[in-house]
Amino acid sequence: MEWSACTDEYEKLVFRMSTPRVVIDNAVCSNSTIVKFDSARKHGILLEAVQILSDLNLFIKKAYVSSDGRWFMDVFHVTDQDGNKLTDESVLKYIEQSLGSIHNGKTNHRNGLTALELKGTDRVGLLSEVFAVLAEFQCDVVEAKVWTHNGRIASLIYVKDCTSGTSIEDSQKINRLEARLRYVLQGDGDIRSAKTSISDVVIHPERRLHQMMFADRDYQKSPIFKFASETPLVTVQNWAERSYSVVNVQCKDRTKLLFDVVCNLTDMEYVVFHATINTRIDQAYMEFYIRHKDGTPISSEPERQRVIQCLQAAIERRSCEGVRLEFSAEDRQGLLAEVMRTFRENGLNVTRADISTTGDLAANVFYVTDSIGYPADEKIIESVRQKIGLSNLKVKELPIVSHEKAEREDQSVGVGGAVLLSLGSIVRRNLYNLGLIKSCS
């Protein structure tokens, strides 16, 4: 065989070994779709896999993660937001193709838009002022994500020039816009922590928001508004014999929960070697076996406390505080500024926002409380709806997954249950071989 032919065969072998393998099974489990993902291990690959499922707003009911040597295996049990198995062939194909091309380094680059990163001290009416400035500078908001936590705010806003319909190219206009937004964020003296910038970072927007808030040390701040959420229970212990740090998390279940936790661990330079995720009713239970990238476990009490604080913050940032309002209308210049001004004038504080436009239609989701963080008065909400438009602004409840039904189906005896157990044993056997559990039976 010629040398060139040998080289070609070797490259094909390397490609097959490094390309992730994806299996999607709707027959094994009676109440969820099983997504199995095998790949060569690399830092951040678990986050990439979870990110794909999270972007589809799927619930991860159970998951097993196991890393044996240089190989990595995930098994996810997922449902849609109504607690049903995935049956849409286009969704299943998208999952298979996306997971299978995970090594291609796909990004969320938005061509033709200018990305603005804003962070500072949160206050009632702040977003109203921000969007008023953008309207004044003839900036059309195409997409935006806003998170608030512990009195801090982080926002990633994608805009285009109203005149040209493309990204803002005028450097003087950009400088003036940044300065004006920074002035708004400073408020009554937040000079040091108020920051605005034109971002050229090509990264998943929600991961970027986590990074912005982590850099802002929101996990060390005290909340300004009086939210009543339960604090997630996080414990961290070292297993010296195996050089692992074992992280346990218990909190209320929701979509994108696993993404938020894994995102935080990855950005803190920890590697997840093994993990088990389970949900019961509305609670999630997660256990992670982690090490630093250099292979060492957590080495000090201050570091242990920092991990606990950071994981609690990562979970709380996306907690759905307040009333969920869904707004849809024909998009036009200054529309967001008007909506936000109405919220402010009626004493509503926006704790989270997801803003998007598709063609000529604006479709936005806001979570609002009163001015100090308590549930907003129903009469005020109705008054705001009257002003904005009853058909445009609607009060929505969060979807509730039928966990109890799923648990009853889990207990049913049959071929599906037996196959499900055999699939889960693959992961348990790996954990047993590594000494992480006492029995693989």
Side-chain angles (χ1 to χ4, degrees), residues 20-39 45-66 72-102 106 204 206-207 249-263 265-266 272 274-288 315 318 320 398-412 416-417 419-428:
R21 293 196 294 267
V22 183
V23 176
I24 299 178
D25 197 322
N26 255 327
V28 169
C29 188
S30 62
N31 53 68
S32 62
T33 299
I34 294 180
V35 180
K36 181 181 175 183
F37 173 66
D38 295 298
S39 171
I45 195 168
L46 173 61
L47 175 59
E48 293 180 65
V50 172
Q51 176 182 300
I52 290 169
L53 300 177
S54 296
D55 285 345
L56 293 170
N57 291 317
L58 303 179
F59 273 93
I60 300 176
K61 287 180 52 186
K62 298 179 183 178
Y64 308 96
V65 176
S66 181
F72 189 76
M73 184 180 75
D74 303 332
V75 179
F76 301 102
H77 298 239
V78 300
T79 69
D80 63 18
Q81 291 205 20
D82 295 320
N84 300 317
K85 297 165 66 171
L86 310 183
T87 56
D88 189 327
E89 288 297 328
S90 63
V91 173
L92 297 176
K93 186 175 181 180
Y94 174 82
I95 294 173
E96 186 173 351
Q97 291 179 341
S98 298
L99 287 174
S101 61
I102 217 167
K106 295 187 297 181
H204 190 273
E206 293 177 348
R207 184 177 182 186
V249 179
Q250 180 182 341
C251 62
K252 188 174 181 179
D253 189 28
R254 58 169 172 77
T255 57
K256 304 192 178 185
L257 175 62
L258 184 58
F259 170 82
D260 293 336
V261 173
V262 174
C263 183
L265 290 171
T266 303
V272 177
H274 305 279
T276 302
I277 290 84
N278 199 4
T279 59
R280 293 197 190 98
I281 313 299
D282 65 343
Q283 291 292 304
Y285 305 86
M286 297 179 279
E287 185 173 58
F288 303 90
I315 294 169
R318 205 196 292 266
C320 300
L398 293 176
I400 300 175
V401 177
S402 181
H403 292 285
E404 292 181 349
K405 176 184 176 183
E407 285 195 352
R408 286 197 300 269
E409 291 177 348
D410 271 340
Q411 295 171 1
S412 62
V419 177
L420 173 59
L421 289 175
S422 66
L423 179 62
S425 68
I426 297 174
V427 179
R428 291 195 296 273

**Q** Compare all side-chain heavy atoms of Gln283 with those of Asp253 and state whether any distance is below 4.5 angstrom.
**A** no
**Q** If you round to the nearest 0.5 Å, how far is CZ of Arg318 from OG1 of Thr255?
**A**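 CZ of Arg318 is found 7.0 Å from OG1 of Thr255.
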**Q** Show the numbers, then the answer: is there a side-chain contact (heavy atoms from CB on, under 4.5 Å) between Phe76 and Thr33?
**A** CA-CA 8 Å; Phe76 301 102; Thr33 299; over 6 Å; no
**Q** Give a yes or no answer on whether the side chain of Ser32 reaches the backbone of Thr79 with a donor-acceptor pair at less than 3.5 Å.
**A** no
**Q** For the side chain of Asp88 and the backbone of Ser90, is there at least one donor-acceptor N/O pair under 3.5 Å apart?
**A** yes
**Q** Which heavy-atom pair separates Ile277 from Met286 by the least distance, and what is that distance?
**A** CG1-CG, 3.6 Å
**Q** Measuring from atom CD of Gln250 to atom CD of Glu287, what distance do you get when rounded to the nearest 0.5 angstrom?
**A** 12.5 Å
**Q** So, do Ile95 and Leu86 sit near enough that their side-chain heavy atoms are less than 4.5 Å apart?
**A** yes
**Q** Flag the pair Val65 / Phe288 as yes when at least one side-chain heavy-atom distance between them is below 4.5 Å, and no otherwise.
**A** no
**Q** I want to check something: taking the side chain as every heavy atom from C-beta on, are Leu47 and His204 in contact at a cut-off of under 4.5 Å?
**A** no
**Q** Would you give the length of the straight line joining atom CD1 of Ile52 to atom CD of Gln97, rounded to the nearest 0.5 angstrom?
**A** 11.0 Å
**Q** Looking only at heavy atoms, what is the nearest atom pair of Ala49 and Asp74, with distance?
**A** CB-OD2, 4.1 Å
**Q** Ile60 versus Phe259: any side-chain heavy-atom pair under 4.5 Å?
**A**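 No, every pair of side-chain atoms sits at 4.5 Å or beyond.
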**Q** Please check if the side chain of Lys85 supplies one atom and the backbone of Asn26 the other of a donor-acceptor pair under 3.5 Å.
**A** yes
**Q** Measure across Gly100 and Val22 and return the closest heavy-atom pair with its distance rounded to 0.1 Å.
**A**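 Reported closest heavy-atom pair: N-CG2, 3.7 Å.
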**Q** Is there side-chain contact between Arg254 and Asp282, with at least one heavy-atom pair below 4.5 Å?
**A**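 Heavy-atom side-chain distance check fails, nothing below 4.5 Å.
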**Q** Do Ile315 and Leu257 come within less than 4.5 Å of each other through their side chains, counting heavy atoms only?
**A**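 Side-chain contact under 4.5 Å: yes.
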**Q** Got a second to check how far Leu92's CG is from Thr87's OG1, nearest 0.5 Å?
**A** 7.5 Å
**Q** Measuring from atom OH of Tyr64 to atom NE2 of His77, what distance do you get when rounded to the nearest 0.5 angstrom?
**A**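 Nearest 0.5 Å value for the OH-NE2 distance: 5.0 Å.
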**Q** Identify the two heavy atoms, one from Lys256 and one from Ser54, that lie closest to each other, and give their separation to 0.1 Å.
**A**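 Heavy atoms only, the tightest pair is CE-O, 3.1 Å.
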**Q** Using side-chain heavy atoms (C-beta onward) and a distance below 4.5 Å, is Val28 in contact with Lys36?
**A**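 The answer is no; the side chains never approach within 4.5 Å.
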**Q** Atom OG in Ser101, atom CD in Glu48: separation rounded to 0.5 Å?
**A**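 Interatomic distance, Ser101 OG to Glu48 CD, rounded to 0.5 Å: 10.0 Å.
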